[in-house]
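Every chain is numbered from 1 and lettered A, B, ... according to where its sequence line falls, protein lines coming before strand lines.
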Number of protein chains: 2
Amino acid sequence: MNNQENLFKPIKNSRIFEEVSSRIKELIFEGFLKVGDRLPSEAELARQFNVGRQTIRESLRLLESSGFISIHRGGAAGPIIKDTILIRIKDLFYDAFRIKKVSLEELTLARLEIEKIVIGYAIDNIDENEIEELWKNITAAKEKIEANIIATEENIQFHKLLAKATKNHVFVIVVESMMAVVGDSLSRIGPDIETSSNVVQFHEEILKAIAGKKRDKAVNLLEKHLLEVKGRLQSLETQ
Amino acid sequence: MNNQENLFKPIKNSRIFEEVSSRIKELIFEGFLKVGDRLPSEAELARQFNVGRQTIRESLRLLESSGFISIHRGGAAGPIIKDTILIRIKDLFYDAFRIKKVSLEELTLARLEIEKIVIGYAIDNIDENEIEELWKNITAAKEKIEANIIATEENIQFHKLLAKATKNHVFVIVVESMMAVVGDSLSRIGPDIETSSNVVQFHEEILKAIAGKKRDKAVNLLEKHLLEVKGRLQSLETQ
DNA sequence: TCACATTTGTCCGTATGTATC
DNA sequence: AGATACATACGGACAAATGTG
C-alpha cells in the first residue's frame, strides 16, 4: 500500500448507484441534510441526478441499510433522513455472531474493559442533571419490578447514560452498539424477574459510588456486576 | 417497547427483495452456502425465485452492503459468497464518527484508554508470527523514512496489528474504526517526515517491551506516545 | 368515511460495457 | 482476437399502499 494509491483514487465510483449514495451521504455529513428532512421522491431524484429510477432505488437500498434513511410508501412519502447507524451496527454484530465470527465471551470481555474506563471518565465529567437522570432511571426500574415487570429497557439505558456522562462521543457510540447487542440477546433469552431486580440493585450501588465520587468502589462494583452478567449469559448460551 | 413486539414479528418481510435477501442469508448461516461459493447469475436467481431481475438486484445490494457477498461484472461472474461483515461494521463505525462529528481530542483520548487495554491483552495473546509481522512493519516504516517518504500507512497498521494480537474481534473492530478516522485526519494534515520518524521510533520501543513481556513499560510507552500525538494534533488543529 | 393523488414495489424489454475463455 | 456471459443501466408499465382533502 503506497501513498500513490490514496492520492489518485478514481474520480467517481464505477457504479453509478454508489456514486449517488455517497453524494447523498456527503450532504448529510456536511449538514445540508438533517435528521427529519425528506429527500425528493425516487422519480424526482432520478430526474435531478439524471439517472434511471432503478439506479436511484439501488442507491436508496445502500443508504437504508447503512442507517441513513428510512422509506415509507404511499401518500406524502419520500425517504426521510434518519440516524439509525448504531442499530445497523447492532444488526451486523448479530450477523457476525450467527456466522461465528464473534462470540458472546469476546463481547462481554470487551464490554467489561471499556465500561471500566467509561465509569472513571463519567465520575470526572458527570453533571447534576445527569445524576438526576440516573436516579430517575433507577426509580423507574424499581417501579417496574414492583409491578412484576422486567426492567430490561431501563437496565440497558443505565449503561448508555453512563457513557453519555463521559462527554466523549466515541465512548457513547461504542457502548451504545454493544448494549444494542446485549439487549438483543436478552430479549431472546428472556431474563427472569429476579435477575432483573438484582441488576437494578447493583446499578443503585454503582450510582451511589459515582455520586460520592468513590472511583475505586464504582469500578469494583461494575466489574463484579459485569462478571455476574457474563456468567449468566454464558450459562444460558450453552443450554 | 414491550416484549410483545419481538414475539409477533411479521411472518415475511413485506418487501420481496428483503425476503430474498434473508433467505440467502439463512442458507449461509446454515452452511449450505460457504465462503468462496458462487451464487447463480441475476437472471438465473430471478428465474428460480420467480421474481423480477430488479428485485434480485436490490437483494444483492443488501447482501453486499452487509458483507455477505461480493460482485464482479463481466465474464464468468456471479456473486461470490464472502465474509466481510467485520469490515462493514468498521465502515459503519466510521460513518457514526463522521455523523457525530467526533473531535480529534475525543478520539485520541478514547484511543489512549482503549489501546492501553489492548496492549495488555496483546501481550497475553500474541504469538511468534504476529511479533514477526510487527517487526516487518517497523522495518518497512524505517525504509520509507530513509528514503524520505512519510510512513503513515505503516504507522497506522502497527496499531491494527496490536489489536489483532488480542484475538478479540471487538477490539479489532473498535481500533480499526478509530484508526480509519485518524488516517483520514492525517491525510488532511499531512504530517512531516520528522514526526513520522519519531512515531516509528516509539513503535519500535513499544514492540521491544511487548516482545520482552514488559507489561507496565509497554503501557507507559504507549501512553507517552499517544499523549505526544495528541499534543501534536491539537497544535495543528488550532492553526 | 371515501375517493384521489402520490409514491413505492415490482415486472419486462433492451442496450451497453466489461471480464473471462 | 472474437465470442460469450454477465452486471450495469435505461425506459415504460402497472399494482399496491398510504396520507390528504
Side-chain angles (χ1 to χ4, degrees), chain A residues 9-25 27-28 33 35-82 84 88, chain B residues 8-25 28 33 35-82 84 88:
Chain A
K9 53 184 152 193
I11 305 297
K12 70 174 184 72
N13 298 317
S14 62
R15 303 201 285 186
I16 298 178
F17 66 82
E18 283 179 340
E19 176 65 18
V20 170
S21 162
S22 49
R23 289 250 210 120
I24 294 175
K25 261 165 109 169
L27 290 175
I28 295 172
L33 291 171
V35 171
D37 289 352
R38 298 193 106 107
L39 251 44
S41 71
E42 293 177 357
E44 180 60 19
L45 283 170
R47 199 189 60 76
Q48 290 192 33
F49 279 115
N50 196 28
V51 296
R53 189 158 85 98
Q54 163 153 0
T55 305
I56 293 294
R57 282 183 65 78
E58 293 185 36
S59 311
L60 295 181
R61 291 291 85 75
L62 289 193
L63 292 170
E64 197 181 23
S65 75
S66 302
F68 285 93
I69 61 171
S70 83
I71 294 169
H72 303 284
R73 62 177 157 187
I80 305 172
I81 309 291
K82 289 246 167 122
T84 55
R88 294 304 168 172
Chain B
F8 305 116
K9 49 186 155 192
I11 304 299
K12 72 172 185 69
N13 300 314
S14 64
R15 304 198 285 187
I16 297 178
F17 66 81
E18 285 179 338
E19 177 65 19
V20 170
S21 163
S22 44
R23 288 248 211 122
I24 293 176
K25 264 166 111 170
I28 295 173
L33 292 172
V35 172
D37 289 352
R38 296 193 108 104
L39 250 44
S41 71
E42 291 179 358
E44 181 59 20
L45 283 170
R47 199 189 61 74
Q48 289 193 33
F49 278 113
N50 196 29
V51 296
R53 279 197 302 283
Q54 162 129 13
T55 303
I56 293 295
R57 282 184 66 75
E58 294 186 32
S59 310
L60 296 180
R61 290 292 86 75
L62 289 192
L63 291 169
E64 197 180 21
S65 75
S66 302
F68 285 94
I69 63 171
S70 86
I71 294 168
H72 303 287
R73 59 180 155 187
I80 304 172
I81 309 292
K82 288 244 166 124
T84 55
R88 294 303 167 169

With sequence neighbours excluded, residues passing salt bridge (charged side-chain N to carboxylate O under 4.0 Å, His left out) with Arg73(A): none
Using atom CD1 of Ile71(A) as one end and atom P of dA17(D) as the other, report the distance to the nearest whole Å. 17 Å
How would you list all residue pairs meeting ring-ring contact (aromatic ring centres under 6.0 Å, His included) that involve residues 52-72 of chain B, not counting sequence neighbours? Phe29(B)-Phe68(B)
Tell me if the side-chain of Arg53(A) makes a donor-acceptor pair with the base of dG9(C), cut-off 3.5 Å, by modelled atom types. yes
Could you check how far CZ of Phe49(B) sits from C1' of dT10(C), rounded to whole Å? 16 Å
Can you list everything that forms a side chain to side chain contact (heavy atoms under 4.5 Å, CB included) with Ser21(B)? Sequence neighbours excluded, please. Lys25(B), Ser59(B), Leu62(B), Leu63(B)
In this structure, how many angstroms lie between the C1' atom of dT8(C) and the CZ atom of Arg38(A), rounded? 13 Å
Going by modelled atom types, is there a donor-acceptor pair between the base of dT18(C) and the side chain of Arg15(A) at under 3.5 Å? no
Sequence-distant partners of Arg38(A), salt bridge (charged side-chain N to carboxylate O under 4.0 Å, His left out), two or more places apart: none
Once you round it to whole Å, what is the distance between P of dA7(D) and CD of Glu18(A)? 15 Å
For Ser41(A), the side-chain hydrogen bond (donor to acceptor under 3.5 Å, both in side chains) test, sequence neighbours excluded, returns none
Could you tell me which residues satisfy salt bridge (charged side-chain N to carboxylate O under 4.0 Å, His left out) with Lys82(B), sequence neighbours excluded, listed by chain and number? none
Under the rule for salt bridge (charged side-chain N to carboxylate O under 4.0 Å, His left out), what residues qualify as partners of Arg53(B), not counting sequence neighbours? none
End-to-end bend of the helix from dC2(C)-dG21(D) to dC21(C)-dG2(D) (five-pair axes, 10° rounding)? 20°
Would you list the atom pairs, donor with acceptor, under 3.5 Å between side chains in residues 42-49 of chain B and any protein atom, with sequence neighbours excluded?
unit_1   : atom_1 : unit_2   : atom_2 : d
Glu42(B) : OE1    : Arg57(B) : NH1    : 3.4
Glu42(B) : OE2    : Arg57(B) : NH1    : 2.8
Glu44(B) : OE1    : Arg47(B) : NE     : 3.4
Glu44(B) : OE2    : Arg47(B) : NH2    : 2.9
Glu44(B) : OE2    : Gln48(B) : NE2    : 3.0

Which residues within residues 39-48 of chain A lie with some heavy atom under 4.0 Å of an atom in DNA chain D? none
Where the side chain of Arg73(A) is defined as all heavy atoms beyond and including C-beta, which of dA7(D), dA9(D), dG9(C) is the nearest nucleotide? dG9(C)
By side-chain hydrogen bond (donor to acceptor under 3.5 Å, both in side chains), Glu64(B) pairs with (sequence neighbours left out) Arg15(A), Arg61(B)
Walking DNA chain D from its 5' end, the first of Gly52(A) and His72(A) to be reached, judged by nearest nucleotide, is Gly52(A)
Separation between CZ of Arg88(B) and OG of Ser66(B), rounded to the nearest 0.5 Å: 8.5 Å
Identify, residue by residue, the members of residues 54-69 of chain B with a heavy atom below 4.0 Å from DNA chain C, and return them in order of residue number, or none. Gln54(B), Thr55(B)
In Å and rounded to the nearest 0.5 Å, what is the CD1 to CG distance from Ile80(B) to Leu33(B)? 13.0 Å
